[in-house]
Amino acid sequence: MSAIYKRELASYFRSPIGWVAIAIFALMGGFFFAIYMQNSSSVNISDELNFLRYVFFVVIPLITMRLFSEEKKNGTEVLLYTAPVPLYKVVLGKYFAALSLLLIMVSSTLIHVVLVVIMGGLVDTGTLGSYIGFVFLAAVFISIGVLCSAVTENQIIAAVISFVVIFFSTILSMIASTVQSAFVSIVTTLNFLKLSTSSINKAGEAVANGINWLDPSVRTDTFTQGIFSISPLLFCLSLVILFLFLTYRILEKRRWSQS
Amino acid sequence: MIEISNLVKYYGDKKAVDHISFTVNKGEILGFLGPNGAGKSTTMNILTGYLSATSGKVLVNGADILEQPEIAKKSIGYLPEQPPLYLDMTVVEYLKFICDLKGVPKDERIRQMAEIMRLVKISDVSGRLIHNLSKGYRQRVGIAQALIGNPEVLVLDEPTVGLDPKQIIEIRNLIKTLSKRHTVILSSHILPEVQAVCDRVVIINKGKIAAIDTQDGLSHKLSSNSKLALTFEGPFREAAGKIHALPGVIDVSLIRESDSIQQIEITTDPKTDTRKSIFFAMASSSWPILEFRSLDPTLEDIFLSVTSSEEKKRR
């Protein structure tokens with residue numbers, strides 16, 4: 001597993017991809033930080049990280065798109081599948097390489113933390129919580145990217161699919177409130193069962209909650225206030241395991257496929 | 001060493017591999033011969049564990065490739081049709097990665113890599129990016145990759161495809177050298193290659209085994225009538241008539257004629273040795289024999305007769 005991890009991480013820096021991803025991330029982070037510093041009396045790193053979540057759907061497809069698709073295209077996957085290494089270790093090696101690159105990217109924002117500390121700003125458990133939530137969210141999205149890369153041998157398609165999926169999961173809370181209001185208005189107009197307004201509103205809320213239940217970023221929201229709990233982390237971890245397991249099964253299935 | 005039994009692989013409705021069984025003995029070079037699309041690569045992909053068969057079994061050193069893949073794969077080095085190279089790495093970086101991947105112990109690595117690079121003659125390009133290497137060198141790096149971890153079996157899928165004649169000869173010599181320490185399975189659709197390198201040949205066509213034998217055995221089996229080539233000085237028509245009259249001679253045909261020198265091919269019944277009587281017949285007419293030799297069927301003949309007889313059977 002370490003062989004694949006090392007090669008994969010090194011290959012990010014052999015090609016422009018690793019550098020470009022880090023550059024985008026550092027640029028967006030720095031940009032936000034500078035503007036924020038100018039326009040606001042207080043600086044909060046959590047806000048910067050919340051903003052940087054919107055960079056995910058550009059950066060994560062960029063760093064995950066080639067993981068499996070390129071191997072397939074270049075015929076190097078034969079090497080990995082005929083080596084005495086179990087397939088799940090191949091998947092994990094690649095996943096951790098992408099995750100490590102993301103950690104390197106995130107560490108570029110530590111300069112801002114240092115600046116905040118120097119200038120007497122607030123760095124507390126909320127900041128730490130933001131980082132933890134941020135990394136776990138990224139871990140989930142990377143596993144989605146890995147899965148997309150295993151589905152197709154075309155890097156562009158892999159990138160587009162993971163872009164769409166990550167984009168929609170990022171705006172899931174917006175989708176939830178839209179669906180909620182749509183649900184409430186539809187049920188109110190078509191009120192065959194003569195439900196009371198309050199119960200319709202309650203049902204609408206339940207629908208929104210249901211959608212939000214799926215959203216890893218909503219779950220880690222309390223982290224930014226320094227309130228930690230284990231269940232959001234377990235939720236993210238379960239998603240990671242789920243997507244990586246699906247990746248593993250897809251790759252395994254390809255060996256058996258008869259087409 | 002390797003036992004393959006009743007291997008079947010479907011691609012959709014198409015049977016790419018149809019009940020293939022054979023064994024490979026330790027230390028031999030087995031040639032795997034067939035036209036393009038016969039199922040050679042599919043079989044090799046299955047026996048190296050890259051693909052899974054629809055049914056059937058592959059045992060490598062007694063370990064099932066599906067049930068104990070790690071053990072089985074450890075004793076196989078595989079060079080697929082397209083060498084699996086990372087073009088963005090240098091040769092040394094690449095081989096180090098392969099060592100990592102195959103779990104070669106750290107203290108053996110440098111020695112093993114140096115030895116292999118010397119053997120396949122890539123030491124002089126060790127620091128270069130694989131991207132910048134010629135096809136011949138890339139093929140060698142591919143072979144080096146298969147050799148790392150010192151596997152007992154080497155599986156080489158069309159190792160000389162796309163190389164120039166000089167490189168082909170070098171690669172063949174390399175394979176012969178390798179066979180001293182490894183069991184080699186080699187696929188090819190080029191007949192002289194198999195003839196030049198292999199001890200035993202498996203011929204497959206349309207996913208089925210058409211023949212398995214040693215080269216000599218195959219030649220014998222298929223020489224339903226033996227042929228002689230004769231070059232002499234004298235008139236063709238008279239000589240042909242005289243030879244044709246001899247017992248055991250089936251046919252006489254002219255191959256080439258220049259001035260008074262004739263080159264003819266004589267087809268004889270393999271049960272009777274006609275060589276002496278032909279000699280005396282020529283001598284008694286004072287037609288000097290310039291060349292006289294028996295023609296063994298080439299693998300090409302074998303291949304054609306085997307594959308076409310398969311087709312006839314099917315019809």
Side-chain angles (χ1 to χ4, degrees), chain A residues 1-20 63 65-94 96-97 101 149-150 153 155 248-259, chain B residues 8-16 41-42 44-54 63 65-66 68-90 93-94 96-104 129-131 142 145-146 148-149 151 155 157:
Chain A
M1 184 169 104
S2 75
I4 288 155
Y5 170 78
K6 272 192 277 180
R7 199 206 74 78
E8 208 58 62
L9 191 57
S11 86
Y12 278 126
F13 296 102
R14 276 194 215 103
S15 71
I17 285 183
W19 301 109
V20 168
I63 65 173
M65 64 181 184
R66 39 170 282 286
L67 285 175
F68 284 100
S69 50
E70 197 176 58
E71 303 261 9
K72 189 165 167 56
K73 207 179 107 226
N74 291 344
T76 43
E77 59 168 4
V78 184
L79 203 62
L80 305 181
Y81 300 162
T82 57
V85 176
L87 191 54
Y88 75 89
K89 284 191 179 170
V90 175
V91 176
L92 286 180
K94 283 178 178 283
F96 283 123
L101 181 66
S149 177
E153 66 181 286
Q155 292 189 26
Y248 168 75
R249 295 305 292 185
I250 281 175
L251 296 172
E252 183 80 354
K253 181 200 157 262
R254 203 176 278 158
R255 294 175 56 201
W256 291 91
S257 92
Q258 304 189 338
S259 54
Chain B
V8 178
K9 176 79 180 178
Y10 274 98
Y11 287 127
D13 318 330
K14 193 180 169 273
K15 250 187 196 172
S41 293
T42 306
M44 292 192 139
N45 280 335
I46 293 170
L47 77 91
T48 52
Y50 174 49
L51 291 179
S52 301
T54 308
I65 194 83
L66 283 179
Q68 299 167 295
E70 264 105 283
I71 300 172
K73 285 173 182 174
K74 253 204 154 69
S75 43
I76 296 184
Y78 182 31
L79 173 68
E81 206 168 341
Q82 185 191 2
L85 305 172
Y86 292 103
L87 303 182
D88 58 348
M89 296 173 112
T90 66
E93 281 172 344
Y94 175 70
K96 261 188 200 150
F97 164 65
I98 303 291
C99 284
D100 261 357
L101 197 65
K102 294 194 179 178
V104 178
L129 279 183
I130 295 174
H131 185 81
Q145 164 272 123
I148 280 185
V155 179
D157 195 355

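Note that these values count all heavy atoms, side chains included, but never hydrogens, waters or copies made by symmetry. Reminder, nothing fancy here: chain letters follow the sequence lines and each chain counts from 1.
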A.B. asks: Using heavy-atom distances under 4.5 Å, tell me whether B:Ile76 contacts chain A through its side chain, its backbone, both, or neither.
C.D. replies: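 Contact with chain A involves no heavy atom of B:Ile76 at all.
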A.B. asks: Considering only heavy atoms, which portion of A:Glu70 lies under 4.5 Å from any heavy atom of chain B: side chain, backbone, both, or neither?
C.D. replies: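 A:Glu70 has no heavy atom closer than 4.5 Å to chain B.
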A.B. asks: Please examine the side chains of B:Thr48 and A:Val78, heavy atoms only from C-beta on, and report whether any two atoms are closer than 4.5 Å.
C.D. replies: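 Counting from C-beta outward, A:Val78 and B:Thr48 never come under 4.5 Å.
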A.B. asks: For residues A:Arg255 and B:Gly49, report the shortest heavy-atom separation together with the two atoms involved.
C.D. replies: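 Minimum heavy-atom contact is NH2-O, 3.0 Å.
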A.B. asks: What part of B:Leu66 gets within 4.5 angstrom of chain A, counting heavy atoms only: side chain, backbone, both, or neither?
C.D. replies: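 Contact with chain A involves the side chain of B:Leu66 alone.
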A.B. asks: Distance check, rounded to the nearest 0.5 Å: A:Arg254 atom CZ versus B:Tyr50 atom OH?
C.D. replies: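 It comes to 8.0 Å.
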A.B. asks: For the CG atom of A:Leu79 and the CZ atom of B:Phe97, what is their distance to the nearest 0.5 Å?
C.D. replies: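 So the gap between those two atoms works out to 6.0 Å.
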A.B. asks: Taking all non-hydrogen atoms of both residues, which atom of B:Pro84 and which atom of A:Gly75 are closest, and how far apart?
C.D. replies: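 Closest heavy-atom pair between B:Pro84 and A:Gly75: CB-O, 3.6 Å.
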A.B. asks: To the nearest 0.5 Å, tell me how far B:Lys102 NZ sits from A:Thr82 OG1.
C.D. replies: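 With rounding to 0.5 Å, NZ (B:Lys102) is 7.0 Å from OG1 (A:Thr82).
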A.B. asks: Please look at A:Lys6 and chain B and tell me whether the side chain, the backbone, both or neither of the residue comes under 4.5 angstrom of a heavy atom of that chain.
C.D. replies: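 Looking at A:Lys6, just its side chain touches chain B.
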A.B. asks: Which heavy atom of B:Asp88 sits nearest a heavy atom of A:Arg7, and at what distance?
C.D. replies: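 It is OD1-NH1, 4.3 Å.
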A.B. asks: Is any side-chain N of the basic residue among A:Arg14 and B:Glu93 closer than 4.0 Å to the acidic one's carboxylate O?
C.D. replies: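 Salt bridge present between A:Arg14 and B:Glu93.
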A.B. asks: Measuring from A:Glu8:CD to B:Tyr86:OH, what's the distance to the nearest 0.5 Å?
C.D. replies: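 The OH atom of B:Tyr86 is 7.0 Å from CD of A:Glu8, to the nearest 0.5 Å.
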A.B. asks: Would you check if A:Leu80 and B:Leu101 make a side-chain contact, meaning some heavy-atom pair closer than 4.5 Å?
C.D. replies: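 Yes. Closest side-chain heavy atoms under 4.5 Å.
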A.B. asks: Under 4.5 Å from any heavy atom of chain A, what part of B:Pro80 do you find: side chain, backbone, both or neither?
C.D. replies: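 For B:Pro80, the side chain is the part near chain A, not the backbone.
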A.B. asks: Quick check on B:Glu81 against chain A: is it the side chain, the backbone, both or neither that has a heavy atom closer than 4.5 Å?
C.D. replies: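 Neither part.
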A.B. asks: Which atoms form the tightest heavy-atom contact between B:Ala53 and A:Trp256, and what is the distance?
C.D. replies: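 Shortest heavy-atom separation between B:Ala53 and A:Trp256 comes out as O-CZ3, 3.6 Å.
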